[in-house]
J.: 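Below is one structure. I have some questions about it.
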Amino acid sequence: MKTDPFLDKCFYIAGWVVLALTVGVLTAVRLGALERLGGLPPCILHSLTGLYCPGCGGTRAVSALLHGRLLRSFFFHPLVLYTAVFGGWFLLSQTIERLSRGKLRIGMHYRDIYLWIALAIVMVNWIAKNLILVIGGIALMG
């Protein structure tokens, strides 16, 4: 399978930017900036329909992941754990390959399938949680 160095470079840079922004946001949250702003706004889709949006549980999943609760993170939103594992390996392996100037060819490369898997995870999670809510009457997100 042929790789595209340009796409690898774009995702590599984007990954570091997202990681830096995430660290910045987490630092602001840790310092209490979010509470001073009134906390997170409610989900508009959930407020209007009572149903979960495709991203519902993402914030809880990130929090659980940061506290080392992998199963809990997966339960809240499996995309977070998927992204942490594959995104983390992509950044680490690309960094090692780049620092070794290609001598250690362990760099994970971009493939469209990774995005299709992420989309499938989001859709299955969204549909399953809403079916459990509507048919079973069980509110998984509280």
Side-chain angles (χ1 to χ4, degrees), residues 1-31 33-35 37-142:
M1 205 177 264
K2 191 174 178 187
T3 63
D4 185 344
F6 178 73
L7 281 177
D8 282 347
K9 184 177 181 178
C10 290
F11 277 99
Y12 182 72
I13 292 168
W16 281 111
V17 169
V18 168
L19 187 61
L21 289 172
T22 301
V23 168
V25 168
L26 291 173
T27 302
V29 167
R30 188 82 170 157
L31 295 173
L34 193 59
E35 287 82 21
L37 293 173
L40 291 172
C43 174
I44 294 172
L45 181 68
H46 187 68
S47 297
L48 293 174
T49 66
L51 299 173
Y52 299 123
C53 75
C56 270
T59 303
R60 291 179 180 133
V62 170
S63 178
L65 183 63
L66 291 174
H67 287 93
R69 298 182 182 124
L70 301 181
L71 288 177
R72 192 172 183 89
S73 175
F74 183 83
F75 170 77
F76 283 132
H77 207 301
L79 183 66
V80 170
L81 193 55
Y82 172 82
T83 302
V85 169
F86 283 93
W89 175 246
F90 178 82
L91 286 177
L92 179 63
S93 67
Q94 283 281 324
T95 299
I96 291 169
E97 188 169 310
R98 289 165 193 270
L99 289 176
S100 74
R101 298 178 201 243
K103 291 177 186 165
L104 295 173
R105 295 205 168 273
I106 63 168
M108 179 181 175
H109 299 285
Y110 168 80
R111 305 269 189 274
D112 287 341
I113 188 69
Y114 300 134
L115 293 180
W116 286 111
I117 291 169
L119 179 61
I121 289 170
V122 170
M123 296 306 295
V124 169
N125 180 61
W126 180 47
I127 291 167
K129 285 184 177 168
N130 279 309
L131 284 176
I132 291 169
L133 177 65
V134 171
I135 295 171
I138 301 169
L140 297 174
M141 295 293 112

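Heavy-atom basis, side chains included; hydrogens, waters and symmetry copies ignored.
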J.: Rounded at 0.5 Å granularity, tell me how far CD1 in I106 sits from CD1 in I96.
T.: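 The CD1 atom of I96 is 4.0 Å from CD1 of I106, to the nearest 0.5 Å.
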J.: Ignoring hydrogens and angles, tell me if any N or O in the side chain of T22 forms a donor-acceptor pair with the backbone of V18 under 3.5 Å.
T.: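 Side chain of T22 to backbone of V18: a pair is present.
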J.: Return the minimal non-hydrogen interatomic distance between M108 and S93, and the atom names on each side.
T.: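 Closest approach of M108 to S93, heavy atoms only: N-OG, 2.8 Å.
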J.: So, taking the atom named CG in L81 and the one named CZ in F75, what distance separates them when rounded to the nearest 0.5 Å?
T.: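 L81 CG to F75 CZ: 14.5 Å, rounded to 0.5 Å.
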J.: Return yes if some donor-acceptor pair links the side-chain N/O of N130 with the main-chain N/O of Y52 below 3.5 Å, else return no.
T.: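 At least one qualifying donor-acceptor pair exists.
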J.: Taking atom CZ of R111 and atom CD1 of I117, what is their separation to the nearest 0.5 Å?
T.: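 One finds 12.0 Å between CZ of R111 and CD1 of I117.
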J.: Kindly check if the number of other-residue, nucleotide or ligand heavy atoms within 6.0 Å of CG (L21) is above 12?
T.: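 Atom CG in L21 is crowded, with more than 12 foreign heavy atoms closer than 6.0 Å.
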J.: Identify the heavy atoms of A118 and L79 that sit nearest to each other, and give their distance.
T.: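 That would be CB-CD1, 3.6 Å.
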J.: So, for L140 and K129, which heavy atoms are closest and what is the spacing to 0.1 Å?
T.: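 Looking at all heavy atoms of both residues, the shortest contact is CD1-CG, 3.9 Å.
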J.: Do you know which two heavy atoms are closest between P42 and S47, and how far apart they sit?
T.: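 In terms of heavy atoms, the two residues are closest at CB-OG, 3.8 Å.
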J.: Measure up the Y12 and W16 rings against each other and bin them: parallel (under 30°), tilted (30 to 60°), perpendicular (over 60°).
T.: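 Answer is perpendicular, since the angle exceeds 60°.
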J.: Does F86 have its ring centroid less than 6.0 Å away from the ring centroid of Y82?
T.: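 For F86 and Y82, the ring centres are under 6.0 Å apart.
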J.: First locate atom CZ of F90, then atom OG1 of T95, and finally report the distance between them rounded to the nearest 0.5 Å.
T.: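 Output value for this atom pair is 9.0 Å.
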J.: Looking at every heavy atom in both A61 and V80, which two are closest together, and how far apart are they?
T.: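 So the minimum-distance heavy-atom pair works out to CB-CG2, 3.6 Å.
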J.: Run the side chain to side chain contact (heavy atoms under 4.5 Å, CB included) check on E97 and R105 step by step: do they pass?
T.: CA-CA 6 Å; E97 188 169 310; R105 295 205 168 273; 3.8 Å; yes
J.: How far does CG of D4 sit from CZ of F11, to the nearest 0.5 angstrom?
T.: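 Result: 10.0 Å between the selected atoms.
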J.: Locate the shortest heavy-atom distance separating N125 from P54; write the atom from each residue and the value.
T.: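 Smallest interatomic distance, heavy atoms only, reads ND2-O, 4.5 Å.
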J.: Before giving the answer on side chain to side chain contact (heavy atoms under 4.5 Å, CB included), spell out for V62 and L65 the whole-Å C-alpha distance, their side-chain angles and the decisive distance to 0.1 Å.
T.: CA-CA 5 Å; V62 170; L65 183 63; 5.6 Å; no
J.: To the nearest 0.5 Å, what is the distance between CG (L91) and CD1 (I13)?
T.: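 Answer rounded to 0.5 Å: 11.5 Å.
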J.: Verify the neighbour count for atom CD1 of I44: are there more than 12 heavy atoms of other residues, nucleotides or ligands below 6.0 Å?
T.: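 Result for CD1/I44: open.
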J.: Check the pair F76, T59 against side chain to side chain contact (heavy atoms under 4.5 Å, CB included), reporting the backbone distance first and the verdict last.
T.: CA-CA 8 Å; F76 283 132; T59 303; over 6 Å; no
